[in-house]
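Quick notes on the structure that follows.
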Amino acid sequence: MFDDLEILNLSQSVARHAALRQNVIAQNVANADTPGYRTRDVKPFSEIYAESSAVTGGSMRQTRPGHLGRANEVSVRTAEATAQDVAPDGNSVSIEDEMLKSVEVRRQYDLSLTVYKTSLGILRASIGKG
């Protein structure tokens, strides 16, 4: 009954997305002085989730492996961002923008952890262990 809850899976997917995006941001910062390096970013989670919902038919979603014949994973792709301000050496990394993205990712990660903890608290309370 409690083996595969959608809210826990979604929270885990959001946390994975935040970790991947933080990794890409760290790579951008590390290459801030690399000539010709272009800023990269990950699609927002809302877009990825919408795409996966469209593939599974909107409201119909897989509830267990093998159900509807698809894997229940959200794929995350890294896409090169378009930068307006490019340095003379061809580098498009803005440390300020990367720091703002990092704060946004931290909020997304904290939100996913809060949802996960709250969901576990509700489950514990429902079985009398809360």
Side-chain angles (χ1 to χ4, degrees):
M1 176 188 229
F2 297 123
D3 292 341
D4 192 26
L5 297 175
E6 183 65 27
I7 188 74
L8 298 179
N9 290 337
L10 184 60
S11 176
Q12 184 180 30
S13 294
V14 172
R16 266 193 248 133
H17 178 268
L20 177 65
R21 190 164 186 222
Q22 185 62 41
N23 187 11
V24 171
I25 291 168
Q27 289 175 4
N28 288 343
V29 171
N31 288 297
D33 292 330
T34 304
Y37 184 82
R38 302 301 248 168
T39 303
R40 296 171 36 171
D41 202 355
V42 177
K43 282 184 178 181
F45 185 78
S46 59
E47 286 182 26
I48 295 168
Y49 184 76
E51 288 172 5
S52 71
S53 293
V55 168
T56 60
S59 63
M60 290 183 59
R61 308 215 330 178
Q62 179 181 3
T63 57
R64 63 185 178 278
H67 184 224
L68 300 176
R70 299 192 54 83
N72 192 18
E73 294 182 12
V74 177
S75 62
V76 179
R77 290 176 235 95
T78 303
E80 192 166 317
T82 58
Q84 306 227 346
D85 299 323
V86 177
D89 66 357
N91 190 306
S92 67
V93 177
S94 167
I95 297 295
E96 294 83 8
D97 289 344
E98 299 305 311
M99 293 298 108
L100 290 174
K101 289 179 194 174
S102 183
V103 169
E104 180 183 329
V105 167
R106 176 59 191 236
R107 287 182 182 163
Q108 181 182 14
Y109 187 77
D110 287 345
L111 175 65
S112 71
L113 288 181
T114 301
V115 168
Y116 196 84
K117 286 181 191 179
T118 303
S119 299
L120 288 180
I122 290 170
L123 286 174
R124 284 189 191 110
S126 70
I127 60 173
K129 305 275 185 181

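Values below: every heavy atom of this structure, side chains too, minus hydrogens, waters and symmetry copies.
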*Kindly write out the residues that satisfy side-chain contact (heavy atoms from CB on, under 4.5 Å) with Val14, not counting sequence neighbours, or none if the list is empty.*
Phe45, Gln108, Ser112
_Contacts of Leu120 that satisfy side-chain contact (heavy atoms from CB on, under 4.5 Å) - sequence neighbours left out_ = Leu8, Tyr116, Leu123, Arg124
*To the nearest 0.5 Å, how far apart are OG1 in Thr34 and CG in Asp89?*
9.0 Å
*asked:* Can you list everything that forms a side-chain hydrogen bond (donor to acceptor under 3.5 Å, both in side chains) with Thr118? Sequence neighbours excluded, please.
replied: none
*Does Asn91 reach the main-chain N or O of Asn31 with its side chain, forming a donor-acceptor pair under 3.5 Å?*
yes
*Calculate, to the nearest 0.5 Å, the distance between atoms CZ and OG belonging to Arg16 and Ser11 respectively.*
10.5 Å
*asked:* Using the side-chain contact (heavy atoms from CB on, under 4.5 Å) criterion, which residues pair with Ala19? Sequence neighbours excluded.
replied: none
*Which residues satisfy the side-chain contact (heavy atoms from CB on, under 4.5 Å) test with Asp33, sequence neighbours excluded?*
none
*Please list, chain by chain and in numerical order, all residues satisfying side-chain hydrogen bond (donor to acceptor under 3.5 Å, both in side chains) with Glu47, sequence neighbours excluded.*
none
*For Tyr37, which residues count as a side-chain hydrogen bond (donor to acceptor under 3.5 Å, both in side chains) partner, sequence neighbours excluded?*
Asn28
*Could you pull out the closest heavy-atom pair between Val29 and Ile95, with the gap in Å?*
CG1-CD1, 4.2 Å
*asked:* So which atom in Val24 and which in Arg40 form the shortest heavy-atom distance, rounded to 0.1 Å?
replied: CG1-O, 3.4 Å
*List in chain and number order the residues that pass side-chain hydrogen bond (donor to acceptor under 3.5 Å, both in side chains) with Gln27, two or more places apart in sequence or in another chain; answer none if no residue qualifies.*
none
*Mind listing the closest non-hydrogen atom pair of Thr39 and Glu98 along with its distance?*
CG2-OE2, 3.4 Å
*asked:* Using the rule that Ile, Leu, Val, Met, Phe, Trp and Tyr join whenever any side-chain heavy atoms are under 4.5 Å apart, tell me whether Leu111 and Ile7 fall into a single cluster.
replied: yes
*Taking salt bridge (charged side-chain N to carboxylate O under 4.0 Å, His left out) as the test, write out the residues that go with Arg106, two or more places apart.*
Asp110
*Mind listing the closest non-hydrogen atom pair of His17 and Pro44 along with its distance?*
NE2-C, 3.9 Å
